[in-house]
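Quick note: numbers below take in every heavy atom, side chains included, and nothing from hydrogens, waters or symmetry partners. Whatever order the structure lists them in is the order used to number ligands and atoms, beginning at 1.
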Amino acid sequence: MSTTTTSSASTVAQGSAPDPAGHACGGGHCLDRRQLLVRAGTAGATVGAVALLAACGESADSPGSGGGGGGAATPGADGSLAKLSDIPVGGAVSATAADGSKILLTQPEAGTVVGLSAVCTHQGCTVLPDDAQLHCPCHGSTFDLEGKNVSGPAPKPLPAFAVRVEDGAVFAQGS
Ligand code: FES
């Protein structure tokens, strides 16, 4: 059995509320579906509305969303968050913690898994895997695979979510 414990060097940044609507376009910059449909009906911009709905409908549960850098992890029956083999080396997948919070599991190097909150430190949108980076679809912040800011308006790194790797699966630390 091999056990690897990794936590990001990121400082924990609490206080940014998750998107209450549960979609990827929070922060007051994206209309909800009802608002969008109403506006589409009055403006007759059905095609544009459909395109916007598709963009706003992306979530951390959408495999491959955010640029194809990783999809969503499949939780194991053993309580694991993901199989290690689900996480691309040099990439990331979205996952869901036991309390329902959105997280990201990255694998910067083979066998080293970093767990991060997927709640953007800018305005709380869900950050998604994007190849070798993590991308917030709301205002374009990007983070590296350890949650550190690369670009965009997010003021802080993504908070760490402690995980451990055991027998080829990733578990929340303490579970
Ligand atoms: S919520 Fe604005 S960049 Fe993420």
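The ND1 atom of His122, atom 2 (Fe) of ligand 1 and the ND1 atom of His139 define an angle of 90° (nearest 10 degrees). Computed with atom 4 (Fe) of ligand 1 at the centre, the Cys136 SG to Cys120 SG angle is 110°, stated to 10 degrees.
Of the possible donor and acceptor atoms, none in the side chain of Glu166 sits under 3.5 Å from a partner among the backbone N and O of Val170. Side-chain N or O atoms of Gln133 include none that pairs as donor or acceptor with a backbone N or O of Thr142 at under 3.5 Å.
Linking ILVMFWY residues whenever their side-chain heavy atoms come closer than 4.5 Å, directly or via other members, places Val113 and Leu81 in the same cluster. Placement of Phe171 and Val165 in two distinct hydrophobic clusters is found when ILVMFWY residues are connected by side-chain heavy-atom separations under 4.5 Å, directly or transitively.
For ligand 1, the atoms sitting less than 4.0 Å from at least one non-hydrogen atom of Ser141 are 3 (S), numbered in the order shown with element in parentheses. Within ligand 1, the atoms closer than 4.0 Å to a non-hydrogen atom of Cys125 are 1 (S), numbered from 1 in the order shown. Remark: ligand 1 atoms within the under-4.0 Å shell around heavy atoms of Gln123 are 1 (S).
With respect to Gln107, the side chain to side chain contact (heavy atoms under 4.5 Å, CB included) criterion is satisfied by exactly one of Asp86, Leu145, Ile87: Ile87.
Within the coordination shell of atom 2 (Fe) of ligand 1, defined by N, O or S atoms under 2.8 Å, Cys138 is absent.
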